[in-house]
2 protein chains.
Amino acid sequence: MKWSELNDNWCPVARTLSIVGDRWTLLILRDCYLGKTKFEEFAASGGMTRHLLADRLKRLVEVGVLERRAYCTAPKRFDYVLTAKGEELRPALAIMKEWGKKHLPVRRTAVEG
Amino acid sequence: MKWSELNDNWCPVARTLSIVGDRWTLLILRDCYLGKTKFEEFAASGGMTRHLLADRLKRLVEVGVLERRAYCTAPKRFDYVLTAKGEELRPALAIMKEWGKKHLPVRRTAVEG
DNA sequence: CCCCAGCGTTTCTTTCTGGAACTTTCGTTT
DNA sequence: AAACGAAAGTTCCAGAAAGAAACGCTGGGG
């Protein structure tokens with residue numbers, strides 16, 4: 001089986017991963033949950049290259065996890081907002097957040113308190 | 001930021017994804033939750049190549065999500081079982097499973113009763 | 001007109017992935 | 001005893017994807 005065929009896999013987990021299972025998509029969703037909507041906001045988030053960001057956003061819009069809205073017509077500007085479908089993945093990210101906090105403390109001797 | 005630096009990211013989601021955020025790792029975990037333990041079982045699961053499987057298993061053991069046990073000494077055989085740490089990611093997969101079932105129906109008129 | 005901000009696209013190089021054969025270690029068959 | 005087969009990886013190479021950074025386009029301001 002190739003990755004590109006996962007979307008027809010018998011397993012619903014595999015089908016979900018065919019959308020969000022790559023290296024950057026869940027990180028984009030995290031930014032969405034944090035309230036980011038604009039291309040430059042995602043780009044500034046220190047994540048992937050603009051190239052990949054554009055690609056992933058397009059894909060997320062295609063599958064209906066995000067919606068691309070024109071928030072400004074004069075200088076055609078778009079932002080990306082979560083759909084209901086996209087919101088439903090939030091709990092999965094929340095679990096990963098708790099898991100990371102619990103099991104993966106930052107190694108750099110941080111000055112947390 | 002490069003992918004390899006995510007493990008020190010300020011965001012716990014990013015740190016979690018530095019481990020499970022690649023194309024195949026969550027699929028391996030799914031197999032674990034389904035009760036698979038042996039290399040050949042994972043390999044037969046129609047997932048990645050043996051090359052990647054070996055790599056991902058090694059990584060999951062390194063970070064303590066799986067444990068590599070010798071289940072047979074004579075012809076040195078190993079299997080991989082979930083640790084408590086690994087079990088704690090199960091809910092995230094469960095959410096993805098429900099999400100996939102709800103939003104990504106299989107297109108081939110499947111008979112999964 | 002030139003510069004700036006916002007939103008991508010293009011180009012080039014490096015790294016990763018996919019597929020299959022190969023290795024190693026025993027246990028079994030002939 | 002040599003061949004065979006299973007389990008668990010490793011190695012090799014071509015092709016796909018990712019990374020870096022500059023370029024393109026649109027409209028506003030000075």
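Here is the naming used below: chain letters follow the sequence lines, and residue numbers restart at 1 for every chain. The structure displayed is predicted, hence computed values, not measured ones. In what follows, every heavy atom counts, from backbone to side chain, and hydrogens, waters and symmetry copies are set aside.
- One atom, CG of B/Leu52, and another, P of D/dA16, lie 16 Å apart when rounded to the nearest Å.
- Out of D/dT10, C/dT17, C/dC7, the shortest distance to the side chain of B/Arg56 is found at C/dT17.
- In this structure, NZ of A/Lys76 is placed 13 Å from P of D/dG28, rounded to the nearest angstrom.
- In this structure, CZ of B/Phe39 is placed 15 Å from C1' of C/dT25, rounded to the nearest angstrom.
- Within the 4.0 Å cut-off from OP1 or OP2 of D/dG9, at least one side-chain nitrogen or oxygen of B/Tyr80 is found.
- Across all strands shown, A/Phe42 has no heavy atoms under 4.0 Å from either base or sugar-phosphate atoms.
- Each of B/Arg77 and B/Arg23 was assigned the nucleotide of DNA chain C with the nearest heavy atom; the assignment lying further toward the 5' end belongs to B/Arg23.
- Atom C1' of nucleotide C/dC7 and atom CZ of A/Arg69 are separated by 16 Å, given to the nearest angstrom.
- Nearest to the side-chain atoms of B/Thr49 among the listed nucleotides D/dA8, C/dG18, D/dA18 stands C/dG18.
- Regarding contacts with the backbone of D/dG24, every side-chain N or O of A/Arg50 stays at 4.0 angstrom or more from both OP1 and OP2.
- The environment of B/Lys97 atom NZ is sparse: at most 12 non-hydrogen atoms of other residues, nucleotides or ligands sit within 6.0 angstrom.
- Separation of atoms CG (B/Leu17) and CH2 (A/Trp24) is listed at 10.0 Å; rounding is to 0.5 Å.
- Comparing A/Asp79 and A/His51 by the nucleotide of DNA chain C whose heavy atom lies nearest to each, the residue mapping closer to the 5' end is A/Asp79.
- Nucleotide D/dG9 holds its P atom 8 Å from the CG atom of B/Leu53, rounded to whole Å.
- Shown here for B/Arg30 and A/Ala14, the closest heavy-atom pair between the two residues is NH1-CB, 3.8 Å.
- Distances shown here put every side-chain N or O of B/Trp24 at or beyond 4.0 Å from the OP1 or OP2 atom of C/dC16.
- For the pair B/Ser45 and B/Asp31, the tightest heavy-atom approach, listed with the atom from each and the gap, is OG-OD2, 2.8 Å.
- Summarising the geometry, the separation between CG on B/Asp22 and P on C/dT15 is reported as 18 Å, rounded to the nearest angstrom.
- Put simply, the side chain of B/Thr83 gets close to the backbone of B/Gly64: a donor and an acceptor are under 3.5 Å apart.
- The interatomic distance linking A/Arg68 (CZ) with C/dC7 (C1') rounds to 8 Å, in whole Å.
- D/dT26 atom C1' lies 13 Å from atom OH of A/Tyr71, rounded to whole Å.
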